[in-house]
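Per chain, numbering begins at 1; letters A, B, ... match sequence-line order.
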Amino acid sequence: MTEKYNPAEIEPKWQAKWEADGLYHADIDPSRPKYYALTMLPYPSGDLHIGHWYAMTPSDARARYLRMKGFNVMFPIGFDAFGLPAENAAIKSKIHPKERTYANIDRMRGQLRSMGAMWDWRRDATSCDPEYYHWTEWYFIQLFKNDLAYRKMSPVDWCPNCNTTLAREQVWGEDRHCERCDTPVIKKELDQWFFRTTNYADELLDFSNVDWPDRVVAMQTNWVGRSEGASVVFYTEQEDPMEIFTTRPDTLWGATFMVLAPEHPLVDKVTNEEYRQEVEAYKLQAARQDEIQRGATDKEKTGIFTGGYAINPVNQARIPIWIADYVMMGYGTGAIMAVPAHDERDFEFARKFGLEIIPVIQPEGELFDGETMPVAYIGPGVMINSAQFDGTEVSDSKGWKNPGIKAVNDWLEEKGTGKADVSYKLRDWLISRQRYWGSPIPMISCEICGWQPVPEDQLPVLLPEDVEWLPTGESPLKLHPTWKNTTCPECGGPAERETDTMDTFMCSSWYHLRYLSPHYDKGLFDPEEYDYWMPVDTYTGGAEHATMHLIYTRFFHKAGRDMGVLQGDEPMTQLRNQGQILGPDGQRMSKSRGNVIDPDEQVRQHGADAVRTYLMFGYRWADGGPWKTENIQGVVRWLHRIWSIFSDQAEPGKPDPAVLKSLRRKVHQTLKQVSHDIETFEFNTIISGLMELLNEMIEARVAGAAGTSEWAEAQDYYLRMLAPVAPHIAEEMWTEKLGKPYSVHTQPWPELDEEATKVDEITLIVQVNGKLRDRITVPVDVSEADAKQTALVSEAAQRFIEGKEPRKVIYVPGRLVNIVV
RNA sequence: GCCAAAGUGGCGGAACUGGCAGACGCGCACGACUCAAACUCGUGUUCCUUCGGGAGUGAGGGUUCGAUUCCCUCCUUUGGCACCA
C-alpha cells in the first residue's frame with residue numbers, strides 16, 4: 001500500500017522549502033539570456049479572487065517553462081496599493097487606509113504563496129510605500145520640468161449630496177448617479193494637473209515593434225482616434241477668426257451654416273442681442289448635462305441660432321452661426337462648418353431647422369437636389385458647385401490620400417486660409433484626484449513664484465498620517481491643519497503644497513520598473529538591473545486595461561526615454577490577455593449575487609495543483625468562462641492517477657518491442673506538442689496532451705513496460721513536463737518517489753528526439769469523390785504509385801467506384817488518396 | 001451605428017499550412033468491485049438509419065477532387081467605442 005495523494009500535506013511543504021532555498025531568486029546573470037515575465041499587479045482588496053489564479057498561474061507555468069528552457073527568468077509580484085476603496089472604507093469605518101491596506105497585503109501575500117508560483121519575493125514592491133512613491137513624485141517633477149505636466153481648468157464629476165468629487169468608476173447608470181447615495185452627479189470646474197499624452201499621439205499608434213493582440217491594438221488605435229483633414233479659418237461678421245477642423249475640406253463649398261459648442265468662447269460675442277436670452281438658456285441647459293448624456297446618439301438634435309453670421313472663406317457666402325450640444329468643446333476647436341448635404345448629423349440638424357442644403361459631391365448618374373434629398377450623401381463622386389474644383393474626383397478613402405481632399409488642402413495652404421491638419425480623440429491625462437490615499441503631487445504654490453517643484457533632496461513628500469476623513473469633497477490633505485503650509489523653494493516666502501494626489505494609474509505605469517530594484521534609493525531603478533532585464537518580454541493581464549493602463553504605461557515609458565531617464569521605445573514587447581472566470585451561473589462573480597468561488601476553499605478541497613491545472617485545462621485562456629464545480633473532478637482524478645502510477649513499483653515484464661517504441665514515440669510527440677502549446681499560451685491542450693500520455697503510459701505498464709529504459713525515460717520526461725503546470729506533485733514524485741536530485745524545477749526542459757516522433761507505418765484515408773470510404777495502412781515511405789494502387793484495389797473503394805473509370809486520382813503524401821470518378 | 005473577436009455533441013473544448021470532425025475531460029448509461037453507496041476500474045456515448053449507409057461544425061451561397069479551415073451575404077453572442085466634425 002502506498003499513501004494517498006494528499007496535496008494539503010505536500011504543497012505547503014514544498015512551498016516552504018523552495019522559499020527557504022531561494023529557488024526562484026532572479027539575479028543578473030550575463031551568461032544566460034534573460035526573460036522578464038510580468039503579470040498585472042493586484043489591488044490589495046483583502047482577498048485573492050479566482051480571477052487572480054486564472055491570470056497568474058498559467059503565466060507562472062509559462063515562466064517556469066522558460067526557466068527550464070535555459071532563460072534567466074524574473075517573475076515578480078507587488079501591490080497597486082493606493083486608491084479609492086481603502087479611503088471610502090476609511091470614511092465609513094474610520095480605519096486608516098494605511099492600516100487596512102497593509103493588513104490586506106499581508107493576507108494576500110499568504111494567499112499568493114499558496115499558488116505555488118515562482119515569485120521572487122525579494123522584488124516585491126508596494127506602491128503606497130514611501131520608498132516607492134518617492135519616485136512616483138520624482139517622476140512627476142521630471143515631467144513638469146520637461147513641460148509634460150501642466151495645469152488647467154477641467155470639469156470633474158461631483159456629488160452634491162456627499163459633497164465630493166467622484167472618479168469615473170464611482171458614477172453609475174444612465175442617469176449618472178453617485179455610487180453611494182444615488183444622487184445624480186454634476187460637473188464642476190477645478191484647476192488640475194495634466195500630462196501631455198497627446199504629444200505622443202502619433203507614436204502611440206505605432207505597434208510595429210511589439211507583439212500585442214489585435215484587439216488591444218485596435219482599441220488603442222481607436223482611442224487615439226487620429227483623423228486627417230484640414231483646419232480652416234472662417235471669420236465672423238465682426239471679423240473674429242473662427243478656426244474649424246474638418247475631415248472633408250472637399251465639401252467646403254457646401255457649408256451652409258456653422259455650429260459652435262455651447263461653451264465656445266466666441267458664443268457671447270457672435271450672439272445678437274435679439275437672441276441672447278435664448279442662447280443663455282440653451283448654454284445653461286447644456287452645462288447641466290454631461291458629455292455622456294449629450295453623447296446619446298438617439299437623442300434628437302437641439303440647437304439655437306445666435307443671430308450672428310460668418311463668411312465662408314472659399315466662396316464668401318454669408319452663413320448663420322448656431323450653437324448646438326452635438327458639437328463638443330473637447331474635440332477639434334469646438335466649432336464646425338456644417339455641410340448638411342454630406343454629413344448625417346448636419347443633415348438632420350438642417351432639416352429640423354430648415355437650413356439650406358447644397359450638394360457639392362455627386363456620383364455619376366445622380367442629380368442631387370438639396371430640397372429633396374432624403375439623406376446625406378457620404379460616398380465618392382465628383383465635386384460640383386465648387387468653382388474651379390468642379391469635376392475633381394473624390395474617392396471614398398479617408399484622409400489626405402483622397403484626391404479631392406488633397407487638391408483642396410493644397411489650394412487652402414496656398415491661399416493661406418487653411419492647412420492640412422490632424423485631430424485626435426485622445427486627450428491629455430488628468431492626474432489630479434481630490435483624495436488622500438494616493439501619491440502626493442510634489443508641487444508648491446507660491447503667490448510670487450507660481451508653481452514650484454519640491455526640491456528633489458526633500459523627496460518624498462510624505463502623506464501625513466493624522467488626517468480626518470470627512471465627506472467634504474476636499475482632499476483630507478487640504479483640511480489638515482499644518483501639512484500644506486510650507487515655504488517656497490524659490491523665494492523662501494510662505495507657500496502651500498498641492499493637496500490633490502495623483503491618479504493611481506500613475507503608480508501602476510511604472511511598477512514593472514520598480515520591481516527591478518524595489519529598494520533602490522538613487523532613482524526609479526538601478527540602471528544595471530534595467531540594462532539587463534528590460535524590456536518586459538511577456539506581459540499578461542486582463543483586457544479591461546487595454547486602453548487606460550496600457551496607454552499610460554506606454555506614455556510613461558516614451559516620456560522617460562525623451563527625458564533621458566530610460567531607454568527603448570516600448571516597455572512591453574509581448575502582451576497577452578486572459579479571459580474572465582464567471583460564476584457557475586454564467587454571471588460575473590459578485591458578493592451580491594452570491595456566486596463567488598473562493599480560491600482558498602478550492603485549494604483546501606482539491607489542492608493548488610488541481611486548481612492550477614483545472615484553470616488551465618477547462619478554458620481557452622483568452623476566453624475564460626463559467627466556473628464548473630464538477631469539471632474540476634477531471635484534473636483531480638488525473639493527479640491521483642499520476643500519484644499512483646509514480647508510486648506503485650510495477651514488476652518489470654517482457655514487453656513487445658512495438659509497445660516500447662510506441663511509448664517512446666508518444667513521449668516525444670507529447671513533448672513537442674506541450675513545448676509548442678506552452679509558448680503560445682494554449683494551456684488547455686498542454687493538460688490534455690499530458691493526460692493522453694498518461695493514458696498511454698498506463699496501457700504500456702499493463703503491457704509490461706515497467707523497468708525498461710523507455711519506461712524510465714517516460715517517467716523522467718513526464719515529471720519535467722508536469723513541473724511547470726503542477727509544481728508540487730511534480731516535485732514530490734521527482735525527488736521522493738523517483739529519488740532524483742532536487743529540484744525538478746532546476747532541471748532543464750527535456751530534449752526532443754525528432755526521430756522518435758516519427759512513425760513507420762501510416763494510415764492513408766481512401767476517398768471516392770471526396771468521401772471517406774476506407775483506410776489503408778502503408779509504409780511511411782510508400783511511393784505514390786504504390787499508394788494509389790493499394791487504394792484503388794481496396795475493397796471499399798472498389799465498391800464505390802462501381803466499375804467506373806477513375807477520372808483522376810489525387811494523392812496527398814501522408815494523408816490520403818482521393819479517387820474521382 | 002462603427003470597430004474587434006467568436007459561433008463545433010447534453011456541457012467545457014480539440015482539429016498543424018484546405019485533407020479521418022468531435023482529441024482530452026465533464027456529464028450520462030451499462031458492467032466489475034461492495035451487504036449497500038461513494039471512490040476506483042472497464043465499456044459505450046454527434047444525430048438519423050431499412051445497418052448498405054445518410055446527414056452534420058450558426059444560416060445561405062461560392063471556390064476546390066476535397067472546406068470547421070479560404071471568399072461573399074446574412075443571423076446571433078461577447079467586448080470596446082459611440083453626435084469625434
Side-chain angles (χ1 to χ4, degrees), chain A residues 4 213-223 225-227 229 244-248 251 255 259 261 291-292 294-299 301 324-328 330-339 342-346 348-349 423-427 543-544 546-547 577 579-580 614 617-620 622-635 637-638 640-641 644 672-673 676 682 684-695 698 763-775 799-800 806-821:
Chain A
K4 284 193 71 171
D214 292 346
R215 186 164 52 136
V216 176
V217 170
M219 280 169 73
Q220 292 207 351
T221 303
N222 233 325
W223 192 263
R226 182 180 199 272
S227 304
I244 59 109
F245 174 77
T246 177
T247 54
R248 295 296 303 276
T251 64
V259 186
E291 279 184 44
I292 305 260
R294 278 172 60 172
T297 27
D298 47 352
K299 202 187 77 175
K301 297 228 173 338
D325 65 6
Y326 80 91
V327 174
M328 308 288 164
Y331 181 78
T333 60
I336 63 159
M337 66 166 189
V339 184
H342 305 292
D343 181 282
E344 285 163 355
R345 297 152 302 176
D346 299 345
E348 194 196 323
F349 195 82
S423 192
Y424 300 92
K425 286 199 248 179
L426 184 74
R427 318 277 171 94
E544 66 273 18
T547 45
N577 299 126
Q580 219 173 44
Y614 167 62
F617 178 57
Y619 309 85
R620 277 188 280 232
D623 292 355
W627 174 270
K628 297 278 186 189
T629 301
E630 67 274 16
N631 282 19
I632 199 170
Q633 286 310 325
V635 292
R637 280 176 200 146
W638 170 58
H640 274 98
R641 276 200 294 271
S644 72
K672 195 173 175 178
Q673 183 219 319
H676 171 267
E682 292 166 277
N684 52 350
T685 47
I686 295 168
I687 309 298
S688 67
L690 289 172
M691 284 175 169
E692 275 186 59
L693 175 55
L694 192 75
N695 292 345
I698 290 169
T763 303
L764 288 181
I765 57 169
V766 180
Q767 295 181 335
V768 179
N769 291 336
K771 282 191 191 292
L772 173 71
R773 296 303 181 190
D774 204 358
R775 294 181 173 84
R799 207 167 62 228
F800 284 90
R807 242 192 0 204
K808 198 166 161 191
V809 179
I810 293 153
Y811 172 64
V812 182
R815 297 281 185 190
L816 57 80
V817 180
N818 187 11
I819 300 155
V820 186
V821 296

Paired nucleotide for B:C83 [Watson-Crick or G-U wobble; both distances under 3.5 Å]: none

- prompt: Base, sugar-phosphate, or nothing: which does A:R226 touch, judged by heavy atoms less than 4.0 Å apart?
  reply: nothing

Base paired to B:G12 (Watson-Crick or G-U; both N/O distances under 3.5 angstrom): B:C24

Contact under 4.0 Å: A:Y331 side-chain N or O vs B:A85 OP1/OP2: yes

message: Measuring from the side chain of A:R637 (C-beta onward, heavy atoms only), which nucleotide among B:A85, B:U40, B:C65 has the closest atom?
response: B:U40

- prompt: Mind checking the C1' distance from B:A4 to B:G9? Whole angstroms is fine.
  reply: 29 Å

- request: Take atom P in B:U43 and the same atom in B:G25, then report the distance between them in whole Å.
  value: 12 Å

- request: Sort out the partner of B:U46 for me: Watson-Crick or G-U wobble, both distances under 3.5 Å, none otherwise.
  value: B:A55

- request: Consider the side chain of A:S688, meaning its heavy atoms from C-beta on, and name the nucleotide among B:C83, B:G19, B:A23 that approaches it most closely.
  value: B:A23

- request: Tell me which nucleotide among B:G25, B:C3, B:A85 gets nearest to the side chain of A:A218.
  value: B:C3

- prompt: Of all the choices, B:G19, B:C20, B:G79, which nucleotide is nearest to the side chain of A:R775 once you look at every atom?
  reply: B:C20

- prompt: Parallel, tilted or perpendicular: which fits the ring planes of A:F349 and A:Y326, with parallel below 30° and perpendicular above 60°?
  reply: tilted

message: From the set B:G80, B:G19, B:C24, return the single nucleotide nearest to any side-chain atom of A:M219.
response: B:G80

Partner nucleotide of B:U78 by Watson-Crick or wobble geometry (both distances under 3.5 Å): B:A4

message: Taking only side-chain N and O atoms of A:K771, does any of them lie within less than 4.0 angstrom of OP1 or OP2 on B:A55?
response: yes

- request: With heavy atoms under 4.0 Å as the rule, sort A:F800 into base, sugar-phosphate or nothing.
  value: sugar-phosphate

message: Can you tell me if A:R620 touches the phosphate of B:A14, counting only side-chain N or O atoms and a distance under 4.0 Å to OP1 or OP2?
response: yes

- prompt: Is the backbone N or O of A:G579 less than 3.5 Å from a side-chain atom of A:D623, with the two atoms forming a donor-acceptor pair by type?
  reply: no

message: Suppose you measure atom C1' in B:C26 against the same atom in B:U78; what distance do you get, rounded to whole Å?
response: 24 Å

- prompt: What form does the base of B:G52 take, syn (within 90° of 0) or anti?
  reply: syn

task: With syn defined as a glycosidic angle within 90° of 0 and anti as everything else, classify B:G62.
output: anti

message: With a 4.0 Å cutoff (strictly under), does any side-chain N or O of A:N684 reach OP1 or OP2 of B:A14?
response: yes

task: Return the nucleotide paired to B:G60: Watson-Crick means purine N1 to pyrimidine N3 with N6-O4 or O6-N4, wobble means G-U with N1-O2 and O6-N3, both under 3.5 Å.
output: B:C72

Nucleotide nearest A:R773 when distance is taken to its side chain, options B:G66, B:G53, B:G79: B:G53

- prompt: At under 4.0 Å between heavy atoms, what does A:Q767 touch on the DNA or RNA strands: base, sugar-phosphate, or nothing?
  reply: base

query: Can you tell me how far P in B:A14 sits from the matching atom in B:A23, rounded to whole Å?
result: 13 Å

- prompt: Looking across every strand, which nucleic acid part, if any, lies under 4.0 Å from A:G624 by heavy atom: base, sugar-phosphate, or nothing?
  reply: sugar-phosphate

- prompt: For B:A37, which nucleotide is its Watson-Crick or G-U wobble mate, given both distances must be under 3.5 Å?
  reply: none

message: Can you tell me if A:R641 has over 12 outside heavy atoms packed within less than 6.0 Å of its CZ?
response: yes

message: From C-beta outward on A:M328, which listed nucleotide comes closest to its side chain: B:G12, B:A85, B:A23?
response: B:A85

- request: Indicate the atoms forming the closest heavy-atom contact of A:Q673 with A:T685, along with that distance.
  value: NE2-O, 2.7 Å

Whole-angstrom distance between B:U64 and B:G44, as gauged at atom C1': 37 Å

query: Do any side-chain nitrogens or oxygens of A:N695 fall under 4.0 Å of OP1 or OP2 in B:G25?
result: yes

message: Taking 4.0 Å as the cut-off, does a side-chain nitrogen or oxygen of A:S227 come that near to OP1 or OP2 on B:A85?
response: yes

- request: Can you tell me, in whole Å, how much space there is between the P of B:A32 and that of B:A37?
  value: 11 Å

Donor-acceptor contact present, side-chain A:Y619 to main-chain A:Y614, <3.5 Å: no

- prompt: Which of these nucleotides, B:C41, B:C20, B:A85, is closest to any side-chain atom of A:F245?
  reply: B:A85

field: Separation between the C1' atoms of B:A21 and B:C74, rounded to whole Å
entry: 25 Å

message: Using the P atom as the point on both nucleotides, what is the distance between B:U68 and B:U57, in whole Å?
response: 7 Å

- request: Could you tell me whether the side chain of A:N631 has a donor or acceptor atom within less than 3.5 Å of a complementary atom in the base of B:C26?
  value: no

- prompt: Got more than 12 heavy atoms from elsewhere within 6.0 Å of CD, A:E344?
  reply: no

message: Looking at B:C65, I'd like to know if its phosphate oxygens (OP1 or OP2) sit under 4.0 Å from a side-chain N or O belonging to A:K808.
response: yes

